[in-house]
Amino acid sequence: MTDWTIRTSHAEDLAALLEMIPQLADFPLPQTRDPRDLWQGDARLLQRHFNGETDHTRVLVADSETDGIIGFALTSLGEEVLSHDPSAHLEALVVSDKARGKGVGRALLLATEQLATTSGAQTLTLTAFNSNTRARGLYESVGFDGELIRYIKPLTKTTDSNEGQ
C-alpha cells in the first residue's frame, strides 16, 4: 500500500518542484555537460506554466500524505518531430531520493500517458542520456523504444592566427 497519490499540480506546488528539479542531473553526466543545463530550461518552463504563460504544458505530482511532494512529471503538448501528428513530450520526470524504487516514477509515467491520450496525443516522447541507466530502464519497462540516437561532438574555438584568412 502506498501513502501517495498522483494529482494535477496546483500553483502552491511550484516552490517544491523547483527545489526538486536539480535532481534531473543526478546520474553520471558526460564530462562536457554542465549539470545546470539539464534542469534550468525545465525550471523556466515550470515557472511559465504556473504563471499562465503557456497552455501546452501539463504538470502531474506525486503527493505523499507524510512527505509532501515526492515526484512530478512535466509534459508539453505539440507535434511529433517526424510525423507532425499530435504528440506529448515528457520534459522532466523527477522522483525524490526517498521515494525512488517505490513505483512513483512508473505511476507518474502511466498517469502522463493517460493525460496525453485524453489530450489527443498519438505518441509520448522523451529524451534520456545514454548514461542515465536508471531512467532508461524505467522507460523501457513501460514500453518506450529507444528509436533515435543523438550524436554530439563538442567543438572548440581555435585561436589559430590563420583563422579567417
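Model, not experiment: these values are computed from the prediction. Computation of the quantities below employed the complete heavy-atom set of this structure, encompassing side-chain atoms and omitting hydrogens, waters and symmetry-equivalent molecules.
With sequence neighbours excluded, the residues forming a side chain to side chain donor-acceptor pair (under 3.5 Å) with R100 are Q23, D26, D97, listed by chain and number. Considering only residues two or more places apart in sequence or on other chains, D63 meets the salt bridge (charged side-chain N to carboxylate O under 4.0 Å, His left out) condition with R7. Listed by chain and number, the residues in a side chain to side chain contact (heavy atoms under 4.5 Å, CB included) with D145 are E147 (sequence neighbours excluded). Scored by the side chain to side chain contact (heavy atoms under 4.5 Å, CB included) test, T32 finds P30, P154 as partners (sequence neighbours excluded). E53 meets the side chain to side chain contact (heavy atoms under 4.5 Å, CB included) test with R48, N51; sequence neighbours excluded. With sequence neighbours left out, the side chain to side chain contact (heavy atoms under 4.5 Å, CB included) criterion links A99 to I70, V95, S96, V104.
Taking OG1 of T66 as the start and CH2 of W4 as the end, the distance is 12.0 Å to the nearest 0.5 Å. Here the CG atom belonging to L126 is positioned 8.5 Å from the CG atom belonging to L93, to the nearest 0.5 angstrom. Here CZ of R150 is found 8.5 Å from OG1 of T127. Values are rounded to the nearest 0.5 Å. Taken to the nearest 0.5 Å, the CG atom of L109 stands 6.5 Å off from the OH atom of Y139. How far CG of D42 is from OG1 of T57: 11.0 Å, rounded to the nearest 0.5 Å. Atom CD1 of I69 sits about 3.5 Å away from atom CG of D13, to the nearest 0.5 Å.
For the pair S131/L29, no side-chain contact is recorded, criterion being any heavy-atom separation below 4.5 Å from C-beta on. Side chains of I6 and L108 form a contact here, defined as non-hydrogen atoms less than 4.5 Å apart. Side-chain contact between T133 and F27 is absent, with no heavy atoms from C-beta onward closer than 4.5 Å.
Screening residues 126-142 for salt bridge (Lys or Arg N to Asp or Glu O under 4.0 Å) gives no qualifying pairs among residues at least two apart or on separate chains. For residues 27-41, every residue pair satisfying the salt bridge (Lys or Arg N to Asp or Glu O under 4.0 Å) rule, not counting sequence neighbours, is listed here: D34-R36. Sorted by first and then second residue, the pairs that involve residues 101-120 and meet side-chain hydrogen bond (donor to acceptor under 3.5 Å, both in side chains), not counting sequence neighbours, are R106-S141. For the ring pair (Phe, Tyr, Trp, His ring centres under 6.0 Å) condition, no pair includes a residue of residues 28-56, sequence neighbours left out.
Across every non-hydrogen atom of S87 and T123, the tightest pair is OG-OG1, 2.7 Å. Of all non-hydrogen atoms in P86 and G120, the two that sit nearest each other are CB-O, 3.4 Å. What you find for D3 and S64 is that their closest heavy atoms are OD2-OG, 3.1 Å.
Grouping the Ile, Leu, Val, Met, Phe, Trp and Tyr side chains by contacts below 4.5 angstrom, directly or via other members, places L60 apart from L45. V61 and L110 fall into different hydrophobic clusters, defined by Ile, Leu, Val, Met, Phe, Trp and Tyr side-chain heavy atoms under 4.5 Å apart, directly or through other members. Connection of V59 to V94 is established within a shared hydrophobic cluster, with ILVMFWY side chains joined at heavy-atom distances below 4.5 Å, either directly or through further cluster members.
In the displayed structure, E19 atom CD is contacted under 6.0 Å by at most 12 heavy atoms of other residues, nucleotides or ligands.
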Would you mind writing out the side-chain donor-acceptor pairs for residues 71-82 within the sub-3.5 Å range, not counting sequence neighbours?
| unit_1 | atom_1 | unit_2 | atom_2 | d |
| --- | --- | --- | --- | --- |
| S76 | OG | E91 | OE2 | 2.9 |
| E79 | OE1 | H84 | ND1 | 3.0 |
| E80 | OE1 | L82 | N | 2.9 |
| E80 | OE1 | S83 | N | 2.6 |
| E80 | OE1 | S83 | OG | 3.0 |

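Other residues sharing the hydrophobic cluster of I149, ordered by chain and number and joined by side-chain separations under 4.5 Å: Y151.
Panel note: side chain N132, backbone F129; no donor-acceptor pair is recorded below 3.5 Å.
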